[in-house]
Amino acid sequence: MSDAPRLMPVDEHLRLLLEACATVPRRTSEVPVAEAHGCVLAQDVRSAVDVPAFTNSAMDGYAVRAAELVGVGDRPVVLPVAGDIPAGRTDRVTLVPGTTMRIMTGAALPDGADAVVPVELTDGGTERVTLRQQPQVGAHVRPAGDDLSRGELALAAGTFVDARVLALLVSLGHPLVEVVLPPRVAVLSTGDELVEPGGTAGHGTVVDSNGPMLVAVLREHGFTAERVRAVADDEQGFRARLDEVLLTHDAVITTGGVSAGAYDTVKAVLARDGEVAFRGVAMQPGKPQGFGLVRAGDGRHVPVFTLPGNPVSSMVSYQVFVAPALRLLAGRPAEGLAGVEAVADDGWRTSAGRTQLARVRLRTEADGPHATLAGGQGSHVLGALAHADALAVVPAEVDEVVPGMRLTCLLLRPLPGKESLA
Ligand SMILES: Nc1nc2c(c(=O)[nH]1)N[C@H]1C(S)=C(S)[C@@H](COP(=O)(O)OP(=O)(O)OC[C@H]3O[C@@H](n4cnc5c(N)ncnc54)[C@H](O)[C@@H]3O)O[C@H]1N2
Ligand code: MOO
């Protein structure tokens, strides 16, 4: 046997695929503002209006001219109530000198009024009201444009529209906005042995867990994802299915068929014309990797990620390589999982020369997070993957973790027990 081929460091494979994805045009579109959630703004957005659009009350109470209430406090003042201004009243109202008006939170302040006395500081009268506080000018008043002035830059291009940004965006007076759309990703599992989800594995078969798993995590990450029915190890069938999905998607993830076996269809088909570069990456799990920009029938070059079939390898590869690349396609920073440092409470041996991403449980102690193995570390062990809180990164040059060692742990879910630090 010849020497094993050199494995590419994790960072280098990541860099190569991010560089390639940076050349792919982003998919942009003008969408109704309320539908921009989950997209990235492709343009700066200035406010078309003052926000709030009109000066209004911050409290349920009485609109007054503050100067008319000088001295109130020692001696209550009684004023006639000239009317009601509920929120939603849109006609222009003037406060007649020597009177007050009942006003609700968010209702337009009448012209002439410059303060609001909260109802709690009155007797709540509807014909006449006794006011027991002298307000400052501007008390409980929200001036027009207090939040944003018309023409002001409210949101910069590149901002991700989450729920809070959406609230601001829809308030700016624009019906449409130009956004980068999240990529549409197809997940294509391959293998003769695959049984459709919902079925039961028998002798020699396995349920396609990669398909549902990857679609689910893609959706959790805000991408549009579709599982394509698993294809058998048949070169023509695989090529035909791939060509189909390339036309309708912005990225394709395949699983299986990329190692050294006699029936490794994905590799056989895509390595032939050099469309995808297949290489071993110095990582455990996730050694056999492939990536390339594959030309679709309509001329677009679509990123294709060929992940290993072992389920743990598939998920880890997705988190380390695919998710950052898809974020880039979505117009976002190419970020991966956030890391925390944890103390290893277990010891274990790792494959020398490969960065290990061990599945660990985390626990927060008084001195910070501690990690223990979540279970078996084989690339097929779904139980440990499901129960893991994080992927502990054991550098390639370390071949044994000893208890007490500090490891960076990439969070698969929020750090448990963090509230106990409070
Ligand atoms: N001689 C060698 N054999 C293997 C090597 C190697 O370097 N030399 N690498 C091993 C490593 S590491 C990995 S990882 C796997 C990757 O294999 P493939 O990507 O070719 O995947 P398959 O052989 O098709 O399947 C591997 C394993 O995963 C199961 N599988 C596949 N697809 C699914 C799915 N959609 N859902 C659930 N489980 C799936 C499949 O049944 C196999 O058990 O290769 C090693 N071998
Ligand atoms: O790289 Mo494989 O993913 O070790 O099992």
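Counting starts at 1 for both ligands and their atoms, in listed order. All values below come from the heavy atoms of this structure, side chains included, with hydrogens, waters and symmetry mates left out.
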Engineer: Check for a donor-acceptor pair, side chain of Glu152 on one end and backbone N or O of Ser149 on the other, with a separation under 3.5 Å.
Structural biologist: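 Side chain of Glu152 to backbone of Ser149, a donor-acceptor pair under 3.5 Å: yes, one is there.
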Engineer: If we ignore hydrogens and angles and just use 3.5 Å, is the side chain of Asp60 paired with the main-chain N or O of Met104 as donor and acceptor?
Structural biologist: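 No: the side chain of Asp60 does not pair with the backbone of Met104.
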Engineer: Should Arg132 and Glu120 count as an ion pair when the cut-off is N to O under 4.0 Å?
Structural biologist: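 No.
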Engineer: Does the protein come close to atom 10 (C) of ligand 1 - that is, does one of its heavy atoms sit below 4.0 Å from that atom?
Structural biologist: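 For atom 10 (C) of ligand 1 the answer is no, since every protein heavy atom stays at 4.0 Å or beyond.
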Engineer: For atom 7 (O) of ligand 1, find the nearest protein heavy atom and state the residue, atom name and distance (0.1 Å precision).
Structural biologist: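 Of the protein heavy atoms, Lys287 NZ, 3.0 Å lies nearest.
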Engineer: Does ligand 1 have a heavy atom under 4.0 Å from the side chain of Pro311, from its backbone, from both, or from neither?
Structural biologist: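 Side chain only.
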Engineer: At less than 4.0 angstrom from any non-hydrogen atom of Arg354, what atoms of ligand 2 do you find?
Structural biologist: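 What qualifies from ligand 2 is 1 (O), 4 (O).
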Engineer: Need the ligand 2 atom indices (1-based, order shown) with element for anything under 4.0 Å from a heavy-atom of Asn310.
Structural biologist: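 Checking each atom against Asn310, I get 5 (O).
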Engineer: May I ask you to list the atoms of ligand 1 that are less than 4.0 angstrom from any heavy atom of Ser313?
Structural biologist: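 It comes down to these atoms of ligand 1: 14 (S).
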Engineer: What are the two closest heavy atoms between Leu362 and Asp389, and how far apart are they?
Structural biologist: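 Heavy atoms of Leu362 and Asp389 come nearest at N-OD2, 2.8 Å.
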Engineer: With respect to atom 2 (Mo) of ligand 2, which of Gly286, Ala282, Ser259 exhibits the smallest heavy-atom separation?
Structural biologist: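 Of the listed residues, Gly286 has the closest heavy atom.
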Engineer: Tell me whether His380 reaches ligand 1 (any heavy atom closer than 4.0 angstrom to a ligand atom).
Structural biologist: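 Flag not set, His380 not near ligand 1.
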Engineer: Answer yes or no: is there an ion pair linking Lys267 with Glu235, defined by an N-O contact shorter than 4.0 Å?
Structural biologist: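 No, this pair does not count.
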Engineer: Can you name the atoms of ligand 1, numbered from 1 with element, that are less than 4.0 Å from a heavy atom of Thr255?
Structural biologist: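 It comes down to these atoms of ligand 1: 35 (N).
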Engineer: Please report the closest heavy-atom contact between Leu411 and Ala390, naming both atoms and the distance.
Structural biologist: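 Minimum heavy-atom separation between Leu411 and Ala390: CA-CB, 4.2 Å.
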Engineer: Would you check whether Gly257 has a nitrogen or oxygen atom less than 3.5 angstrom from a nitrogen or oxygen atom of ligand 1?
Structural biologist: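 Among all N and O atoms of Gly257, at least one is under 3.5 Å from an N or O of ligand 1.
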Engineer: Using a 4.0 Å heavy-atom threshold (strictly under), name the region of Asp264 that reaches ligand 1: side chain, backbone, both or neither.
Structural biologist: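 Near ligand 1, Asp264 shows its side chain, while the N, CA, C and O stay back.
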Engineer: What protein heavy atom lies closest to atom 1 (O) of ligand 2? Include the residue and the distance to one decimal.
Structural biologist: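 Going by distance alone, atom 1 (O) of ligand 2 is nearest to Lys287 N, 2.6 Å.
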Engineer: Looking at atom 3 (N) of ligand 1, is any protein heavy atom nearer than 4.0 Å to it?
Structural biologist: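 No.
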Engineer: Roughly how far apart are Arg359 CZ and Thr372 OG1, rounded to 0.5 Å?
Structural biologist: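 Going from CZ on Arg359 over to OG1 on Thr372, the span is 13.5 Å.
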Engineer: Is the backbone N or O of Val31 less than 3.5 Å from a side-chain atom of Ser29, with the two atoms forming a donor-acceptor pair by type?
Structural biologist: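 Not at all, since once roles are kept as given, no pair shorter than 3.5 Å links the two residues.
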Engineer: Within the 4.0 Å heavy-atom shell around Ser379, which atoms of ligand 2 are there?
Structural biologist: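 It comes down to these atoms of ligand 2: 2 (Mo), 3 (O), 4 (O), 5 (O).
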Engineer: Taking Lys287 for the side chain and Ala282 for the main chain, is one N or O donor matched with an acceptor at less than 3.5 Å?
Structural biologist: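 No.
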Engineer: For atom 12 (S) of ligand 1, grab the closest protein heavy atom and report residue, atom and distance to one decimal in Å.
Structural biologist: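 Scanning the protein heavy atoms, the shortest distance from atom 12 (S) of ligand 1 goes to Pro288 CD, 3.9 Å.
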Engineer: Relative to the heavy atoms of Pro308, which atoms of ligand 1 are at a distance of less than 4.0 Å?
Structural biologist: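 Result: 14 (S), 16 (C), 19 (O).
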Engineer: Closest non-hydrogen protein atom to atom 8 (N) of ligand 1, residue and atom name please, with distance?
Structural biologist: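 In this structure, atom 8 (N) of ligand 1 has Ala260 CB, 3.8 Å as its nearest protein heavy atom.
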Engineer: Report the nearest protein non-hydrogen atom to atom 41 (O) of ligand 1: residue, atom name, distance rounded to 0.1 Å.
Structural biologist: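 Its nearest protein heavy-atom neighbour is Glu193 OE2, 2.9 Å.
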Engineer: Just need the protein heavy atom nearest to atom 36 (N) of ligand 1, so name the residue and atom and give the distance.
Structural biologist: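 Here the closest protein heavy atom is Ser209 N, 3.1 Å.
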Engineer: Any idea which atoms of ligand 1 are less than 4.0 Å away from a heavy-atom of Leu194?
Structural biologist: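 Answer for ligand 1: 32 (N), 33 (C), 34 (C), 35 (N).
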Engineer: Where do Gly38 and Phe160 come nearest, in terms of heavy atoms and distance?
Structural biologist: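 That closest heavy-atom pairing would be O-CE1, 3.4 Å.
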Engineer: Quick one: does Val207 get within less than 4.0 Å of ligand 1, heavy atoms only?
Structural biologist: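 Flag set, Val207 near ligand 1.
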Engineer: Using a strict cut-off of 4.0 Å, indicate which atoms of ligand 2 neighbour a heavy atom of Pro285.
Structural biologist: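 Per the distance check, 1 (O), 3 (O), 4 (O).
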Engineer: With a 4.0 Å cut-off, would you call Asp91 and Arg89 a salt bridge?
Structural biologist: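 Judged by the 4.0 Å cut-off on N to carboxylate O distance, Asp91 and Arg89 do form a salt bridge.
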Engineer: Please state whether Pro285 comes within less than 4.0 angstrom of ligand 1, counting heavy atoms only.
Structural biologist: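 No, that is not the case, since the closest heavy atom of the residue is not under 4.0 Å from the ligand.
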Engineer: Return the option from Gly309, Gly191, Pro212, Gly204 holding the heavy atom at the smallest distance from atom 29 (C) of ligand 1.
Structural biologist: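 Heavy atom nearest to atom 29 (C) of ligand 1 belongs to Gly309.
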Engineer: Using a 4.0 Å cut-off to any heavy atom of Ser313, which atoms of ligand 2 qualify?
Structural biologist: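 That gives atoms 2 (Mo), 3 (O), 5 (O) of ligand 2.
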Engineer: Should you measure from each heavy atom of Pro288, which atoms of ligand 2 turn up under 4.0 Å away?
Structural biologist: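 What qualifies from ligand 2 is 1 (O).
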Engineer: Regarding ligand 1, does Asn310 bring an N or O atom to under 3.5 Å of one of the ligand's N or O atoms?
Structural biologist: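 Yes, Asn310 has an N/O under 3.5 Å of an N/O on ligand 1.
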Engineer: Counting N and O atoms only, with roles assigned by atom type, does the side chain of His174 sit under 3.5 Å from a partner on the main chain of Arg46, one being a donor and the other an acceptor?
Structural biologist: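 Checked: pair present.
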Engineer: Do any nitrogen or oxygen atoms of Val258 come within less than 3.5 Å of a nitrogen or oxygen of ligand 1?
Structural biologist: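 Yes, there is a polar N/O contact under 3.5 Å.
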Engineer: Are any of the side-chain nitrogens in Asp250 or Arg300 under 4.0 Å away from the carboxylate oxygens of its partner?
Structural biologist: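 Salt bridge flag = yes for Arg300 with Asp250.
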Engineer: Between the candidates Ser259, Ala201, Ser189, which shows the shortest non-hydrogen contact distance to atom 46 (N) of ligand 1?
Structural biologist: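 Answer by nearest heavy atom: Ser259.
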Engineer: What is the minimum heavy-atom distance between Val266 and Phe278, and which atoms define it?
Structural biologist: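 Closest heavy-atom pair between Val266 and Phe278: O-CZ, 3.9 Å.
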Engineer: For the residue pair Gly125 and Val81, what are the closest heavy atoms and their distance?
Structural biologist: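 Minimum heavy-atom contact is O-CG2, 3.8 Å.
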Engineer: Tell me which protein heavy atom sits closest to atom 34 (C) of ligand 1, plus the residue, atom name and distance to 0.1 Å.
Structural biologist: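 Ranking protein heavy atoms by distance from atom 34 (C) of ligand 1, first comes Asn210 ND2, 3.2 Å.
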Engineer: Would you mind finding which of Asp208, Val266, Leu214, Thr265 brings a heavy atom closest to atom 35 (N) of ligand 1?
Structural biologist: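 Among Asp208, Val266, Leu214, Thr265, the closest heavy atom to atom 35 (N) of ligand 1 comes from Asp208.
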Engineer: What pair of heavy atoms forms the shortest contact from Tyr318 to Ile253, and how long is it?
Structural biologist: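 That closest heavy-atom pairing would be CD1-CD1, 4.2 Å.
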Engineer: Is the shortest side-chain N to carboxylate O distance from Glu12 to Arg279 below 4.0 Å?
Structural biologist: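 Between Arg279 and Glu12 there is no salt bridge, as every charged N stays at least 4.0 Å from the carboxylate O atoms.
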Engineer: Working to the nearest 0.5 Å, report the span between OG of Ser317 and CG of Leu307.
Structural biologist: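 Here the interatomic distance stands at 5.0 Å.
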